[in-house]
Amino acid sequence: MEQIFDFFSKLFSAEGFPARWYCGKWTDFHGWLYILSDLMIWGAYFTIPLLMWYFVRNRKDVPHQPVFWWFMAFISFCGTTHLVDVIIFWDPLYRLSALLRFLTAVVSWLTVLALYRAIPKALKLKTPAELEKIIAEKTQASEIVNQKLKESEAQFRTLVNSNPDIIAKLDHEFKHIFVNDAVTRETGLSPNHFMGKTYRELDYPSHRFQELIEKIEEAWHTKQNILFETDSWDENIPEDDKTYFSLQIVPLIDNADSIKKEVLIVNKNITVQKRLELQLKAKIKELETLSNELGVQNKQLEEFANITSHNLRAPIGNLNALYDLYLNETDEDERVFYIEKFGDVSKNLMYTIDDLAEIVRIKRDTHMEREILYFETKLSHVVSSLTGQILETGAEINADFSACPTIEYSKVYLESILLNLLSNAIKYRSPERKPKIFFRTQNIDQQIILTCEDNGLGIDLQKYGHKIFKLYKTFHRNEDARGIGLYITKNQIEALGGEISISSEINVGTTFTIIFNKKA
Amino acid sequence: MSNLSTICVIDDDKIYQLTFKKVVQATGFNHQILIFYNGEEAIIFLQNKANRPEELPDVIFLDINMPIMDGWDFMEEYIQIKPRIGKQISIYMVSSSVDVRDLERAKAIAEISDYLIKPVTKEQLIQILGLAMN
């Protein structure tokens, strides 16, 4: 311990040693050869790490940097020992020299260790020759891939160009960046004519262009393909010469870059299919109309079967029964009574037959002569023909025909319709209040509508709604009710393409609504 | 009086009512006749007399075509109130209609005993009233 303490306390002292010049027999030549050689070594050993430091700093990608640093430290320490050796010629700092040599030894071994650990990795580093070989191989491989890509692109291009559909690619400003050869067949223009232009610049009608842009924006937004049909964009072409297309819009979006939005438009000429489809639709419509007409005729036949079955057979049955009773009766007064009843029945039978004849006539005459009629005039005719009943009941009749004062219609039917509506309203008045009847016309969607509103008895539509316009159906205890008026009215209206409906509330009133020219 | 049969006619045709009455008389049955002009009047009567079987009819002759409530509507209402009526009543649908659809519709209703075509003869009545009395 004493020695160690003594060593460090006299580290920078030369005590106990002579300067090297005076230790042994140094000739000047020998001494200076030693000194100069050591100085040169020291110079070189300090220059090497500086150069290495410069290299390492400028090539940060060089692997095994720690090894470089250790080597730089090692060589610097080596250099220092040589410098101290020179100093010792004049100032014999042997203690400092020993310490520096010890540090040099430590750093040297640490460098050995670092080198030892780095060697396996360093061995794996590719030599430039190896790297060049690798690059050459890769280049060749990519050339093959390129070649294949070119072939496949050529194939794809041929495929796209020979496709009968027009395939176009537009950029984010709707300008053409590609269009296949099919466009030439459809427009007579070469694909080059389209490149870099929008449909607007290509003279398409602006509202069609707008429609297309909206669809494209939608496709970009939803990231879904959109398929829609359109006809040839020239509006001056007549229906029969029109070309029809189905357009598929395929959005192409780069999520990271909104400028890279593009769109594929596949335009298929579907004129042939569309023509067939339109023809088919027209045929179906024809068949539907025919089937409806048949349905109506069928229903009318059923109705007639029902009428003859009930309303003609009933009085004939009565006549038979009366005749039997008459034959078997001996009392002369009774026989006269039967004969009188005979008369009643045959009179009723005649009414029924007249009704039927009227109904048949209405059903047949769907092409009645039409003329311009004023509702006001027709209503006043009807009112004057019902003067007796109106005075008797104190009925108040009002009308507002201002919205639609006239109609082109059958004069006979309009009078009959107004007469039935008015006489019904009076017949089914409430005993508790004076009848108030209001007529009004409207023109809605080019349909002429007449309403007749009363404050009468009303009718339970839940119960009788389905029978209200049927023949010989009556719903009130009323001796005059024969159940023919509304049936005739409905038939007249329907024969001329109209429709009648009813709304009613018991003991409040009834409103009949007639649409004279019902739209399909 | 035990043999007195109560016959109900629901029909709006006055001539038919008259001839029917005469034919019933001709059968010689001890009877009384109830006449209603439509289904509704008859239903109201049946509802009111539901608890008095002696006043209820044994047989109903029901017309199809009538104002206010026709034969079909009457049957719907009747089926509703039937459980409360304290008497077995035979119902015959009587119509001048020879339409097969009317016949089939009547047959589909269990409460209708038979479908008769007008005019109803004396022989038919004797058979029906005979059945009802037993």
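Lettering follows sequence order; numbering is per chain, from 1.
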Checklist entry - Do other residues, nucleotides or ligands put more than 12 heavy atoms under 6.0 Å from the NZ atom of Lys49(B)? => result yes
Checklist entry - Is the number of heavy atoms from other residues, nucleotides or ligands under 6.0 Å of Glu55(B) CD greater than 12? => result yes
Item to check | Interatomic spacing from CG in Leu325(A) to CD in Gln25(B) - rounded to 0.5 Å | outcome: 9.5 Å
Item to check | Lys436(A) atom NZ, neighbour heavy-atom count above 12 within 6.0 Å | outcome: no
Checklist outcome for this item: One should read off an interatomic distance between Thr19(B) OG1 and Tyr338(A) OH, to the nearest 0.5 angstrom, of 8.5 Å
Item to check | Among Asn320(A), Ile316(A), Asn328(A), Leu322(A), residue most engaged with chain B (heavy-atom pairs, under 4.5 Å) | outcome: Leu322(A)
Item to check | Pairwise side-chain contact, Arg313(A) with Ile117(B), heavy-atom cut-off 4.5 Å (strictly under) | outcome: yes
Checklist entry - Above 12 or not: heavy atoms from other molecules or residues under 6.0 Å from CD of Gln127(B)? => result no
Next on the checklist: Out of Asp12(B), Val23(B), Asp102(B), return the one with the most heavy atom pairs under 4.5 angstrom to chain A.
Outcome noted: Asp102(B)
Checklist entry - CD of Glu54(B): more than 12 outside heavy atoms within 6.0 angstrom? => result yes
Checklist entry - Is it the side chain or the backbone of Phe337(A) that comes within 4.5 Å of chain B heavy atoms, both, or neither? => result side chain
Item to check | Gap separating the CG atom of Asp344(A) from the CD1 atom of Ile15(B), nearest 0.5 angstrom | outcome: 5.5 Å
